[in-house]
Amino acid sequence: MKTLIACENVTKSFGLGSEKRNVLDGISVDIHQGEFVAVMGPSGSGKSTLLYALSGMDCVDSGKVVFDGADFSALKESELADLRRTKMGFVFQQPTLLRNLNILDNILLPSMRDGRKNGVQLTEKAKTFMEKTGIAGLEMRDITQASGGQLQRVGICRALMGDPKIIFGDEPTGALNSTSASEIMRLLADIHQSGVTILLVTHDVRVAAQTERVLFILDGKIAGEYLPDADDEARDDFKAREAGLTAWLTGMKF
Amino acid sequence: MYYRLLRNDMIKGKVITLTTMLFVAAAAMLVALAAILVINLSGAIDTLMTQAETPHFTQMHAGELDLARLEAFAVQNEAVAGFQAVEFLNMDGAQFLFAGGSLADSVQDNGFSVQNEKFDFLLDLAGNLITVSDGELYVPIAYIQDGTAQVGEMVSIAGRTFTIAGALRDSQMQPLLSSSKRFLVSQNDYDALRQFGSVEYLIEFRLHDLDDLGAFETDYTSAGLEANGPTLTYALFRMFNGLSDGLMIAVLLLVSALVIAIAFLCIRFTLLAKIEDDYREIGVMKAIGLRIEDIKKIYLTKYIAIAAAGSLLGYGLSFLFRDVLLANIRLYMGESDNTSLAPILGFVSVVLVFLAIVAYVNGVLGRFRKISPAEAVRYGMSQGKAGGARHFRLSINQLLDTNVFLGIKDVLARKSLYITMLAVLVLAAFIIIVPQNLHNTISSNSFITYMGVANSDLRIDIQQTDQIANKAVEIAEAMEKDQSISRFAVLTTKTFRVKLADGSQERIKIELGDHLVFPLAYTDGRAPAAENEIALSVLNANEMHKKVGDVITVIINGKETTLAVCGVYSDVTNGGKTAKAVFSDDSAEVMWSVITAELVDPSMVDEKIAEYANRFSFAKVSDIDEFIRQTYGGTIRAIGKASYGAIGIALALTMLITLLFMRMLIAKDRYTIAVMKAFGFTNTDIKAQYVARSVFVLVVGILLGTLLANTIGEILAGVVIASFGASSFKFVINPAFAYLLSPLLMAGVVLAATILGTLDAGQIQISENIKE
Ligand SMILES: Nc1ncnc2c1ncn2[C@@H]1O[C@H](COP(=O)(O)OP(=O)(O)OP(=O)(O)O)[C@@H](O)[C@H]1O
Ligand SMILES: [Mg+2]
């Protein structure tokens, strides 16, 4: 399988002097094209920091991140931005939408930067995604006029607009109730089915159990890796997958 | 929590807090200075005019004087408290030769007089009546101040040697607008000088009660007494005395209004931005049951602190500058009686500024009422916020670059915030354009035509001589033959009787001749062209209650003739009460003649003046440009300087405020910027969005500013121009400046400030700012 992101011995620290702590402490991991990966770990273990490092939103102190053949450290700020816009999509825990724009415009925002002339097609595309994610009809609403679950779907639609190679999710279901959360997961699973790589930070065992690979982070290091698909018998049994992962996590003292 | 909110806010917004305070301080200082100046000026004028016992009514007269008749009139008129007819010995300016220069080019009528006995005293700089000894000369203060003459200097005038013993204050004639200047000598010296100049009379009255002045003026005119020259009154002297300093006060007040406006704008901007930031917290406070008054108090405290500090600082600063500004008043008019009142009034006006600011902040904080706790807690913003800009959608925008679109969208969505910046830009455009237009207008050649002076090169006055009519014809014939003169007009002034509605008669001076050769600017209507038409000066028209289209009855050649009023013009010459007509008349006596001429080559004007002055020694030949230069040159130059100063100030202000606004916006918009960066917008994109915001506001600002400058600005400038004596005018606009250079300058400054102010945008870390 082709490697999409190669991350080699990455460290990153915050603070100065005695306060200084390594939040990422020599992380090496490869994310392959088409994979569905979950990142788990206790609060403060460095999951979000890893996600920002892998997507080029934050620079690292040492080590190397290569995305689709391009070394982040060799890229300019604007080239990194171009990469994020054209090859990546993001869904955060909070909807991270702009207040001034209505729902449709929020979805269109990144793609319109270059594709303004194709506005009509892009709008059509956005509407298709909205339909798929079940929020058709909300196009003209302000972001204050939709529920949290709906706004999270808006975020997903926005992430999809650029036909990304990978979607990064930082606890996209974290702020949702379980019904909304499982609907969002189903959406992500569909997106994965269509060939998009997905990297998901999550606390939720049920969410992680649906992925192909679970990375467990502890104190800035990858403490272990679990492959839910490895157990052939449990492969298609949702409950069994969840139980397997839970058992493994307990072993990791989670 | 109150305290934390307050402190955090002050620390985070250090620069803008300080700037706001400085603007408040500047405003308080200017207002205090204006108040102090008003008090001192009016007090000083009163003191001067009381000490000098300024006449209530002065008729200047050149020619024969029937003293007995005047005395009889004074005795018989009950209103009169004092009367004197004093001499003023007019001498050619070239006779006054000082170390610092001669008065040969002076347009003033310089001359001598002796100290008066009854009233209208000439005072020394201590405000005392001057007693002058033989050989001593006292010089008008203006000539000492501008360095023309020096105290202690020896001068020789008409063969006699004088020592300049000091400067004198002349309550009647020292203002620039009054056209004569009196030098004081002893009676013996005066008698010796008398043969070298021409004598004019000042027929002066003091009345028991100043309220009777109007009636007295009518009495004097209808008695048909000596009146060959301007008539001046106490009110006019007061106005003349106050004019130049009054203008300074007006400018101070204008500037302070501007600075207050800017202080308000700064406050408004920071306050609105803060409310937007704290929306959720305010909602939470409301939700947990705090009263609006309590919440307001948190915010109000901060501005009370800023306003109080600024006001006190400003009041303190006013003490530093007051002496500089008072120097002129003190020199020309002396100390005022009510000086102790000045600091008190200054303080009161500063307190008013302070209260206005607090009231304003309180008003803006009224918005708290509209904050719904539910909305605030849930969304951190009010619903339907994008209101006005709803239809401005990205999805249907194909025209604008996406960054430009986002910039404009932001401005439209957060109008109330940007209106503040807009207001600053409008103000800046206004202060750049208006003084420039004003300067352009008053320095243009045609401006004098708004004041009753023809726009020509050469002016020849024939006065105080016999055979005026014949002499005028003689000059006209010479001009006819003169190849270097392209056109000329002879205008002759005569006195006529006018029959008023109540049957009484009044005398008016009518200038006869062809008024179309050098047309004046008419406030209303046009110049007389037909025999039965007459144009009136504004003062005359007001006094006779006539407007264009009305008729007046004038007695011409002994017959009552009805003339139609065809135009009204403003006039500063000959006391402002004049009229113009074209009918022919042989009956009335000619008072004076004026011949105006235009040269084929204007650069020859000096040569021509010399030529005509030589050939016609009875006439006074003058250069119109020189006349303007001397009468208004100082003011025109001052306004010119002020207009360049205004450009500098406006641009500096634009720079400062734009920079502050941009920095604050960047700080406020961290979250939005982080989101956009996360989704692939580059730093350049973000900057482009801010530039788009600025440019959008800038374009609207310049358009509005230019519009306002040419409407309200013209009216405001009219106040200044009216002080020159012109009651109506049109801006003379330099389009290259007003419509090209000034917008370019502003655009340059705004862009520079925006780029400087948004340098930080690149530093914003996505990971730190995206967590809301
Ligand atoms: N900008 C920062 N400055 C200083 N410390 C930071 C900063 N960002 C993160 N940290 C610290 O780095 C550590 C890792 O943070 P990170 O956000 O990656 O944790 P996380 O695993 O995502 O936790 P959570 O599950 O709670 O989201 C934490 O201890 C956090 O306090
Ligand atoms: Mg996290």
Side-chain angles (χ1 to χ4, degrees), chain A residues 48-49 51-53 55-59 76-90 92-102 104-120 122-123 126-127 139-140 142-145 148 158-159 161-162 168 170, chain B residues 276 279 374-376 378-387 389-414 669 671-686 688-689 762-763 765-772:
Chain A
S48 297
T49 309
L51 187 139
Y52 288 123
S55 57
M57 283 201 245
D58 253 356
C59 50
K76 285 193 298 223
E77 183 272 342
S78 56
E79 291 167 326
L80 283 170
D82 292 344
L83 262 189
R84 283 200 296 278
R85 199 172 60 250
T86 53
K87 297 191 175 169
M88 308 178 194
F90 297 91
F92 298 95
Q93 181 171 5
Q94 298 295 333
T96 57
L97 301 171
L98 300 193
R99 296 165 161 190
N100 286 338
L101 303 179
N102 67 22
L104 177 62
D105 282 359
N106 259 295
I107 295 174
L108 288 172
L109 179 64
S111 52
M112 277 297 230
R113 183 192 177 275
D114 313 308
R116 153 168 67 95
K117 297 279 179 243
N118 304 323
V120 181
L122 285 173
T123 305
K127 285 188 174 161
E139 289 86 353
M140 294 303 140
D142 281 353
I143 61 164
T144 52
Q145 297 166 326
R158 174 176 59 181
M161 284 300 290
F168 293 96
D170 193 354
Chain B
E276 205 180 282
Y279 204 86
E375 260 176 24
R378 204 166 149 198
Y379 307 109
M381 61 185 275
S382 78
Q383 264 182 302
K385 196 157 173 2
R390 258 236 161 72
H391 302 292
F392 196 59
R393 291 196 305 264
L394 192 56
S395 52
I396 50 172
N397 163 60
Q398 307 214 347
L399 188 70
L400 297 172
D401 174 78
T402 300
N403 289 319
V404 175
F405 172 89
L406 288 171
I408 296 177
K409 171 95 184 175
D410 191 72
V411 175
L412 294 177
R414 297 199 283 179
D669 293 350
Y671 171 74
T672 314
I673 294 172
V675 171
M676 290 210 259
K677 283 176 85 168
F679 287 95
F681 279 83
T682 63
N683 288 340
T684 320
D685 290 332
I686 309 281
Q689 291 176 20
Q763 254 67 63
Q765 286 291 319
I766 302 170
S767 56
E768 280 170 33
N769 292 296
I770 209 159
K771 304 165 204 156
E772 203 175 4

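Chain A is the first sequence line, chain B the second, and so forth, proteins listed ahead of strands; every chain is numbered from 1. In this text, all values refer to a predicted model and were calculated from it rather than measured experimentally.
Atom OG1 in A:T96 sits 12.0 Å away from atom CE in B:M676 (nearest 0.5 Å). Going from atom CG of B:L400 over to atom CE of A:M112 covers 11.0 Å, rounded to the nearest 0.5 Å. A:N100 contributes atom CG, which lies 8.5 Å from atom CG of B:D669 (distance to the nearest 0.5 angstrom).
Closest approach of B:T682 to A:A81, counting heavy atoms only: CG2-CB, 3.4 Å. In this structure, A:R84 and B:I766 approach most closely via the heavy-atom pair NH2-CD1, 3.8 Å.
Between B:V675 and A:F92 the shortest side-chain heavy-atom distance does not fall below 4.5 Å.
The candidate from A:M57, A:E139, A:M88, A:R113 with the greatest count of non-hydrogen atom pairs under 4.5 Å with chain B is A:R113.
Cation-pi geometry between A:R158 and B:F679 is met: the NZ or CZ atom falls under 6.0 Å from the ring centre, inside 45° of the normal.
Residue B:L406 touches chain A through its side chain alone, counting heavy-atom pairs closer than 4.5 Å. Proximity to chain B (any heavy atom under 4.5 Å) is shown, for A:L108, by both the backbone and the side chain. Using a 4.5 Å cut-off between heavy atoms, A:S78 contacts chain B through both its backbone and its side chain. For chain A, the nearby part of B:D685 is the side chain; its heavy atoms alone come within less than 4.5 Å.
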